[in-house]
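Reviewing the structure listed below.
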Amino acid sequence: MSEDRNLDEAKRLLAGYRSSIDNIDAALIHMLAERFRCTKAVGVLKATYGLPPADPAREAQQIERLRRLADDAHLDPDFAEKFLNFVIREVIRHHEHIAANGGASQPG
Ligand SMILES: C=C(O[C@@H]1C=C(C(=O)O)C=C[C@H]1O)C(=O)O
């Protein structure tokens with residue numbers, strides 16, 4: 001009987017955590033969409049002025065900063081670095097694509 005009650009309580013807690021996880025995932029998607037909206041504009045600017053798609057010096061600064069932020073927030077800095085590199089690789093792919101199209105961004 002008390003095991004049933006414990007299981008019910010566990011299910012209630014699980015549903016509460018999952019509801020927060022769903023909200024956080026939605027926020028992440030919106031934040032990523034906004035970031036890519038910005039970086040696509042940067043890609044158009046770079047293509048217009050003949051600047052290279054990638055900027056390794058800027059990336060090094062961002063990684064150093066994000067590693068520090070992650071550490072302060074008790075998030076694994078190696079994971080934060082991998083995540084940023086994953087996002088930046090996709091941004092650079094967009095920039096190369098924009099440059100190859102003469103500075104025109106693609107929708108989406
Ligand atoms: C957005 C830029 O282009 C590239 C993408 C970056 C990013 O996604 O943060 C950072 C540096 C560049 O390699 C930029 O130069 O600022």
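As the structure lists them, so they are numbered: ligands from 1, and atoms in each ligand from 1. All residue numbers refer to positions in the sequence shown, counting from 1. Heavy-atom basis, side chains included; hydrogens, waters and symmetry copies ignored.
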Select one of side chain, backbone, both or neither to describe which atoms of V87 lie under 4.0 Å from any atom of ligand 1, heavy atoms only.
-> neither
List the closest protein heavy-atom neighbour of atom 3 (O) of ligand 1: residue, atom name, distance to the nearest 0.1 Å.
-> K46 NZ, 2.9 Å
So is there a nitrogen or oxygen of T39 less than 3.5 Å from a nitrogen or oxygen in ligand 1?
-> no
Atom 13 (O) of ligand 1 has as its nearest protein heavy atom E59 OE2, 2.4 Å
Under 4.0 Å from one or more heavy atoms of R35, ligand 1 contributes atoms 7 (C), 8 (O), 9 (O)
Under a 4.5 Å cut-off applied to non-hydrogen side-chain atoms, are F83 and L66 in contact?
-> no
the protein heavy atom lying closest to atom 10 (C) of ligand 1 turns out to be Q62 OE1, 3.3 Å
Going by an N to O cut-off under 4.0 Å, is there a salt bridge joining E96 and R93?
-> no
State the atoms of ligand 1, each with its element, that fall below the 4.0 Å cut-off from a heavy-atom position in V91.
-> 5 (C), 8 (O)
For ligand 1, which atoms, with element, lie under 4.0 Å from some heavy atom of H95?
-> 1 (C), 2 (C), 3 (O)
Taking all atoms of both residues into account, what is the closest heavy-atom pair of H95 and T39, and its distance?
-> NE2-O, 2.8 Å
State, without any angle test, whether H94 and E90 hold a side-chain donor-acceptor pair at a distance under 3.5 Å.
-> yes
Which value, rounded to the nearest 0.5 Å, describes the distance between L69 atom CG and R65 atom CZ?
-> 5.0 Å
Does E64 pair with R67 as a salt bridge, N-O distance under 4.0 Å?
-> no
Under 4.0 Å between heavy atoms, the region of P56 that gets near ligand 1 turns out to be neither
Closest to atom 16 (O) of ligand 1 among protein heavy atoms sits R58 NE, 4.1 Å
With side chains defined as the heavy atoms from C-beta onward, is the minimum distance between L84 and I63 less than 4.5 Å?
-> yes
Would you call I88 and Q62 a side-chain contact if the rule is heavy atoms closer than 4.5 Å?
-> yes
Shortest protein contact, atom 12 (C) of ligand 1 (heavy atom only) = D55 N, 3.5 Å
